[in-house]
Protein chains: 2
Amino acid sequence: MAEVIFADCKLFRDVVHAKSLSRAAQLNGISQSAATQHIQDLEKRLGIELFDRSTRPLGLTTAGKLYADLCRDVLRRAEDFTAALEEMKDSAERVIRIASIYSIGLSEMGRLREEFGKIFPGAAIHVQLLRPDKVYEAVLEDQADLGFISYPEHRRDLTVVPWREERMTVAAYPSHAFVGREMVVPRDLHGEAFIAFDEEVIIRRELDRFFRESDVEISIVMQLDNIQSIKEAVALGSGISILPERTMQAELEQRRLVSIPLHAPELRRPVAIIHRKKKKLSRAAREFLQFVIA
Amino acid sequence: MAEVIFADCKLFRDVVHAKSLSRAAQLNGISQSAATQHIQDLEKRLGIELFDRSTRPLGLTTAGKLYADLCRDVLRRAEDFTAALEEMKDSAERVIRIASIYSIGLSEMGRLREEFGKIFPGAAIHVQLLRPDKVYEAVLEDQADLGFISYPEHRRDLTVVPWREERMTVAAYPSHAFVGREMVVPRDLHGEAFIAFDEEVIIRRELDRFFRESDVEISIVMQLDNIQSIKEAVALGSGISILPERTMQAELEQRRLVSIPLHAPELRRPVAIIHRKKKKLSRAAREFLQFVIA
DNA sequence: ACTATATCATAAGTAAATCTAATGAAGGCT
DNA sequence: AGCCTTCATTAGATTTACTTATGATATAGT
């Protein structure tokens with residue numbers, strides 16, 4: 001592989017080592033004449049003789065020694081490069097770099113990695129949890145092959161693959177009055193102490209609209225910018241919230257939270273996978289994408 | 001000058017720096033198409049894309065970054081080489097490396113350097129004083145451009161340029177009986193305490209033959225392998241000797257030695273300059289050789 | 001010293017590569 | 001959407017690189 005770059009250097013090095021043009025030519029699969037012409041051309045370009053032809057076996061001139069050193073260094077450096085490149089190629093084929101928002105990454109990645117590992121054992125999945133805008137950035141700047149986001153924004157040079165729409169339910173602490181009910185209708189939420197998302201988060205705007213359209217007024221007791229914190233606050237009894245049910249899985253099992261279905265069919269969180277439009281994904285990444293959305 | 005080697009690396013580096021194939025092509029005096037084809041060929045050989053074409057300005061891929069690093073290192077190394085080469089070329093044109101036996105070097109080089117310096121001010125003369133066999137070695141191995149020796153041996157791949165034949169005279173200490181005489185004839189030497197050369201030195205064999213042919217028996221009191229030591233021994237009054245007159249110059253002026261002409265026209269020390277037959281001497285060296293033998 | 005042998009240099013013709021000019025495709029900006 | 005710039009592609013021309021054949025030269029062996 002290192003053979004395809006710096007072939008001139010390799011030839012020179014071989015001539016020096018073999019002390020013979022004809023043998024070096026053989027080693028490089030060319031004729032003796034070609035080797036001679038190569039070296040002569042080189043000498044002409046450098047404007048100085050590199051070999052001492054007056055003696056046999058062929059000896060180096062002072063300038064030749066300098067050039068031989070150059071070739072040695074260059075070839076050594078090229079080998080390092082080739083090794084690094086091979087390693088990179090290999091890992092590029094095998095590793096899938098994923099950037100995900102916290103809520104999806106925390107609740108889904110463990111499962112996905114495990115299940116995908118079974119059908120594609122060679123792959124290595126590297127997950128990075130980021131704020132939503134950083135997920136877009138990571139994908140656009142080729143820091144990640146795939147990005148997991150909610151409420152996808154369509155952008156030029158970004159392909160958005162819709163994954164699913166998550167049902168939103170009421171998240172309450174175990175001692176709340178709703179617990180035990182089959183379902184909650186929007187009106188029931190009126191006046192409830194509510195843990196909301198920060199205003200710049202899209203899901204907050206969606207919920208605000210839902211409350212407005214349902215003519216419900218809630219009492220926001222806290223604003224947080226991520227699901228994880230909201231779940232904590234709810235569990236501590238500060239209020240209730242509305243969250244994608246799937247993101248509560250762990251807390252529901254631990255009985256730290258209770259999820260009560262909410263009659264609001266329009267309230268769903270769309271989740272999607274993004275990747276750069278132009279970039280051709282590695283086989284592993286393509287398989288993974290197929291596997292996830294299947 | 002660095003431009004004639006590793007042109008591919010330079011092009012790549014320029015493309016990276018300019019973030020543009022067309023501008024890099026201009027910088028390298030080729031068409032945009034040629035630059036594109038170059039990079040594409042490179043990518044094909046490496047089996048991986050180096051540039052990210054899906055965005056403008058052109059960005060590097062991970063592999064491209066690796067290759068750019070390689071190019072940077074190679075070009076830097078090549079620059080060092082070029083600088084070293086230029087320096088070498090320059091000095092090769094200016095410096096004359098001389099290997100000389102002690103007797104010639106000590107007595108003549110100061111004068112030659114000074115006089116030659118006037119007619120060829122650019123030259124730098126490097127003199128190395130060595131035993132005779134080392135002088136041959138130095139010249140044959142291209143450690144020296146010119147070699148100064150006595151009693152030249154003709155060898156294959158060595159050009160011998162006769163310089164002069166030095167008159168040999170009797171070297172005596174100031175209190176010796178010969179001092180004041182116009183001339184000494186061989187017979188006068190009979191029975192004299194004599195400081196001789198070691199037996200392997202050519203000059204010794206020449207003198208032995210001279211004594212034999214003159215039917216003279218001398219009394220060797222000391223054997224030394226170089227003229228310098230013999231002069232010392234004579235000056236200290238251990239005996240007399242026969243030496244090339246010119247090599248005694250300094251001691252004669254200091255009146256530490258006295259030189260008495262010897263009637264022996266055949267007794268002359270030939271001195272010659274040698275150089276490698278094939279090697280073309282630098283202009284400085286050629287001028288110097290001409291100057292010396294003129 | 002002379003010849004034999006191996007190796008390098010050179011020449012001429014051919015194959016291969018590289019280059020240019022022209023044109024097509026695509027990104028990014030207004 | 002349309003314009004402008006830049007890159008990709010193609011085909012043909014030019015240059016370069018290679019091969020084979022032959023000549024020159026250094027070294028070794030007689």
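As a basis for the values below, the full set of heavy atoms in this structure was taken, side chains included, without hydrogen atoms, waters or symmetry mates. Model, not experiment: these values are computed from the prediction.
- Each end of the helix from C:dA1-D:dT30 to C:dT30-D:dA1 gets its own axis from five base pairs, and the two axes differ in direction by 40°, given to 10 degrees.
- Every residue two or more places apart in sequence or in another chain that forms a ring pair (Phe, Tyr, Trp, His ring centres under 6.0 Å) with A:F81 is listed here: B:Y67.
- Close approach of DNA chain D to chain A, defined as any atom under 4.0 Å from a non-hydrogen atom of the protein, starts and stops at D:dC18 to D:dT27.
- Annotation: ring pair (Phe, Tyr, Trp, His ring centres under 6.0 Å) contacts of B:F291 (sequence neighbours excluded): B:F116.
- Residues in residues 26-46 of chain A take part in no ring pair (Phe, Tyr, Trp, His ring centres under 6.0 Å) pair, two or more places apart or across chains.
- Within the structure, every pair that satisfies the side chain to side chain donor-acceptor pair (under 3.5 Å) test and touches residues 282-293 of chain A, not counting sequence neighbours, is listed here: A:R283-A:E287.
- Applying the side chain to side chain donor-acceptor pair (under 3.5 Å) rule to pairs touching residues 24-36 of chain A yields A:Q32-A:T36, A:S33-A:Q37, sequence neighbours excluded.
- A search for salt bridge (charged side-chain N to carboxylate O under 4.0 Å, His left out) contacts involving B:E165 returns nothing, not counting sequence neighbours.
- With sequence neighbours left out, the ring pair (Phe, Tyr, Trp, His ring centres under 6.0 Å) criterion links B:F51 to B:F12.
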Using a 3.5 Å cut-off and no angle test, enumerate the donor-acceptor pairs between side-chain atoms of residues 69-78 of chain B and protein atoms at least two apart in sequence or in another chain.
residue, atom, partner, partner atom, Å
B:D69, OD1, B:R72, NH2, 3.0
B:D73, OD2, A:R77, NE, 2.6
B:D73, OD2, A:R77, NH2, 3.1
B:R77, NE, A:D73, OD2, 2.6
B:R77, NH2, A:D73, OD2, 3.1

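- Evaluation of the ring pair (Phe, Tyr, Trp, His ring centres under 6.0 Å) test over residues 123-154 of chain B, restricted to residues two or more places apart or in two chains, returns B:F148-B:W163.
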Give the B/S/- string for nucleotides 17-30 of chain C, one per nucleotide from 5' to 3', where a protein heavy atom under 4.0 Å of the base yields B, of only the sugar-phosphate yields S, and otherwise -.
--BBB----BBS--

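- Tested against A:D145 for a side-chain hydrogen bond (donor to acceptor under 3.5 Å, both in side chains), the candidates A:R97, A:H275, A:R276 yield a single pass: A:R97.
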